[in-house]
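First the proteins, then the strands, lettered A, B, ... as listed; each starts at 1. Every heavy atom of this structure was used, including side-chain atoms; hydrogens, water molecules and symmetry mates were not.
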Number of protein chains: 2
Amino acid sequence: MSRPRAVKKEAPYHHGDLRRVILETALELLAEKGESSVTLREIARRAGVSHAAPYRHFSDHRALLAALNDEGFMALRHALEAATAKVSAAAPVSRLLVVAETYVDFAAANPARYRLMFAGPRHAAPDGSNVPAEVFAYVAGLVAEAQAQGALRQENVKLMTNMIWATVHGIASLALNQRLVGTETGDNSSTLAREAIAALIKGLAP
Amino acid sequence: MSRPRAVKKEAPYHHGDLRRVILETALELLAEKGESSVTLREIARRAGVSHAAPYRHFSDHRALLAALNDEGFMALRHALEAATAKVSAAAPVSRLLVVAETYVDFAAANPARYRLMFAGPRHAAPDGSNVPAEVFAYVAGLVAEAQAQGALRQENVKLMTNMIWATVHGIASLALNQRLVGTETGDNSSTLAREAIAALIKGLAP
DNA sequence: ACATTTATGTTGTCAGTGTCAACATAAGAT
DNA sequence: ATCTTATGTTGACACTGACAACATAAATGT
């Protein structure tokens with residue numbers, strides 16, 4: 001019988017899966033006190049390890065942020081897929097509108113995290129993966145379907161996806177920083193996103 | 001005859017207008033090495049003053065960034081006004097398209113600065129001014145004119161301005177971080193901005 | 001089973017930074 | 001001329017990122 005060193009079965013070494021703990025602690029700090037407070041030493045403190053322990057899992061402070069970044073995009077992708085799954089696949093335009101709402105809601109629910117995700121140029125992942133590109137591709141798929149249905153002009157899919165993404169990202173970004181003016185009405189920025197995307201799609205119709 | 005202490009006539013005290021020098025040095029650092037490198041001590045070093053001198057002009061590191069921020073919005077406003085001045089006032093839609101292009105060009109020309117301008121919620125200025133709001137109001141004026149001409153629906157001006165601003169900001173922000181996908185064609189993000197705003201306006205037409 | 005290698009974690013240290021207090025000096029006001 | 005205030009300097013402290021040297025447990029080979 002092995003002593004109950006760690007609960008998780010994958011617990012590989014001395015302490016347990018410290019890497020996971022670090023990422024979760026970093027997320028907590030990010031949500032609590034913003035990016036400037038997610039510091040390696042504070043994370044180590046909260047995780048109960050020495051101040052240099054995180055360096056065994058992240059070469060750098062930036063590397064940690066980059067990892068958080070990619071996790072953020074994975075979470076965003078899951079949120080979008082879960083939301084679109086509730087809408088008929090036969091209605092790609094409706095799906096795009098839901099994507100717009102969900103996207104903005106995600107940003108509003110995770111402000112610091114979302115800010116971090118778009119704080120600068122993407123750092124190439126060590127394994128060559130590109131999560132943001134996957135999310136983009138997912139939306140591009142919806143655009144292509146909308147084109148096939150005749151709801152959008154049969155033009156450059158990437159171009160149109162860029163427009164849609166930019167619009168939604170712009171609303172999310174401005175809302176996050178309280179830069180949307182005159183929010184007297186329903187105020188929910190997600191409805192603004194829906195309306196903006198609806199207008200854009202109308203303007204991009206054949 | 002007073003000794004040639006300083007060149008500028010407003011030079012008020014010992015060193016000259018250190019406040020201005022600090023802001024300019026900060027801008028240099030921002031453009032050269034990004035926000036994380038604009039540090040009070042490095043600024044002081046470059047300005048040839050002691051490491052604590054900047055505290056006589058900015059209470060805080062954040063206060064300095066906030067000042068840079070407001071200066072950025074002033075520069076943006078000037079850029080937009082200069083660009084629109086070249087287009088007939090009788091063509092508000094054309095002016096909006098020029099605003100879109102100029103806006104994105106401004107961001108592309110000052111990446112770190114633009115990032116800083118939208119890095120977080122705005123800090124209230126000590127004098128109560130609100131430069132970003134002035135820029136917004138300027139664009140809103142164009143929207144109102146476009147409505148009066150029948151190019152846009154006669155709906156909530158602020159709402160439409162939010163949409164336009166968000167779209168343009170989204171494109172600028174994504175372009176800055178190299179997050180626009182498939183830039184094979186003309187590639188200039190400013191043309192993307194023009195097309196996106198054109199489509200949006202079309203979708204918002206009566 | 002044992003020794004060896006590798007993966008993790010710790011301690012100690014250094015430079016750079018933000019911030020403050022105490023002090024120094026020049027400009028303006030009385 | 002003296003006093004007050006604005007500005008600049010010195011010195012200090014805590015915190016952070018980063019590295020090197022060391023310690024130990026897990027994995028691996030024989």
Side-chain angles (χ1 to χ4, degrees), chain A residues 1-26 29-30 32-68 116 119-120 123 126, chain B residues 1-26 29-30 32-68 116 119-120 123 126:
Chain A
M1 94 216 163
S2 62
R3 275 161 300 159
R5 284 278 164 117
V7 179
K8 306 253 184 165
K9 44 194 162 197
E10 317 95 11
Y13 289 103
H14 317 172
H15 247 83
D17 44 357
L18 181 55
R19 184 189 160 90
R20 181 86 299 203
V21 171
I22 288 174
L23 284 171
E24 285 168 5
T25 308
L29 274 168
L30 192 60
E32 283 176 26
K33 303 195 286 182
E35 175 178 353
S36 65
S37 296
V38 39
T39 164
L40 288 176
R41 290 180 108 106
E42 176 64 18
I43 292 172
R45 235 170 271 134
R46 291 199 180 191
V49 294
S50 76
H51 66 256
Y55 284 89
R56 298 294 152 181
H57 298 275
F58 301 95
S59 63
D60 221 338
H61 186 223
R62 301 178 70 197
L64 170 61
L65 295 187
L68 275 185
L116 179 65
H123 285 26
Chain B
M1 95 210 161
S2 61
R3 277 162 298 160
R5 284 275 165 120
V7 179
K8 306 254 184 162
K9 44 193 160 197
E10 316 96 11
Y13 288 102
H14 318 170
H15 246 84
D17 44 358
L18 181 54
R19 184 189 160 91
R20 183 98 300 253
V21 171
I22 288 174
L23 284 171
E24 285 168 5
T25 309
L29 274 168
L30 191 60
E32 282 176 26
K33 304 193 285 181
E35 176 178 352
S36 66
S37 295
V38 38
T39 163
L40 287 176
R41 290 180 108 107
E42 175 64 19
I43 291 172
R45 233 170 273 136
R46 291 199 179 191
V49 293
S50 76
H51 65 258
Y55 282 88
R56 298 295 152 179
H57 299 274
F58 302 95
S59 63
D60 220 338
H61 187 224
R62 302 178 71 197
L64 170 61
L65 294 187
L68 276 184
L116 179 64
H123 284 26

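- Sequence order on DNA chain C of the closest nucleotides to Arg56(B) and Arg56(A) puts Arg56(A) first from the 5' end.
- Atom CG of Leu40(A) and atom P of dT11(C) are 17 Å apart (whole Å).
- Between Arg62(A) and dA18(D) there is no side-chain polar atom (N or O) within less than 4.0 angstrom of OP1 or OP2.
- One can place NE2 of His61(A) at 13 Å from C1' of dC15(D), the figure rounded to the nearest angstrom.
- In this structure, His57(B) contributes its side chain and Arg20(B) its backbone to no donor-acceptor pair below 3.5 Å.
- Considering every non-hydrogen atom in both Ser59(A) and Ala63(A), the closest pair reads OG-CB, 3.8 Å.
- In the interface, the side chain of His51(B) is paired with the base of dG11(D) through a donor and an acceptor atom under 3.5 Å apart.
- Side-chain N/O atoms of Thr39(A) include one lying less than 4.0 angstrom from OP1 or OP2 on dG17(D).
- For the pair Phe58(B) CZ and dG8(D) C1', the interatomic distance rounds to 15 Å; values are reported in whole Å.
- Here the side chain of His61(B) pairs a donor or acceptor atom with the backbone of Val38(B) at under 3.5 angstrom.
- The side chain of His57(B) contributes an N or O atom lying less than 4.0 Å from OP1 or OP2 of dG8(D).
- Computed from coordinates, the Asp60(A) CG to dC19(D) C1' distance equals 12 Å when rounded to whole Å.
- Within 3.5 Å, no donor on the side chain of Arg41(B) pairs with an acceptor on the base of dG16(C), nor the reverse.
- Atom P of nucleotide dG17(D) and atom CD1 of Ile22(A) are separated by 12 Å, given to the nearest angstrom.
- Nucleotide dT9(D) holds its C1' atom 13 Å from the CG atom of Leu18(B), rounded to whole Å.
- Mapped onto DNA chain D by nearest heavy atom, Ala52(A) and Arg45(A) fall at different nucleotides, with Arg45(A) at the one closer to the 5' end.
- Protein atom OH of Tyr55(B) is 19 Å distant from nucleotide atom C1' of dA6(D), rounded to whole Å.
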Run the side-chain contact (heavy atoms from CB on, under 4.5 Å) check on Glu35(A) and Leu65(A) step by step: do they pass?
CA-CA 9 Å; Glu35(A) 175 178 353; Leu65(A) 295 187; 3.7 Å; yes
Report the C-alpha separation of Phe58(B) and Leu23(B) in whole Å, then their side-chain angles, then the decisive distance to 0.1 Å, and conclude whether the side-chain contact (heavy atoms from CB on, under 4.5 Å) test is met.
CA-CA 10 Å; Phe58(B) 302 95; Leu23(B) 284 171; 3.9 Å; yes
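- Atom CD in Glu35(B) sits roughly 15 Å away from atom C1' in dG18(C) (whole-Å rounding).
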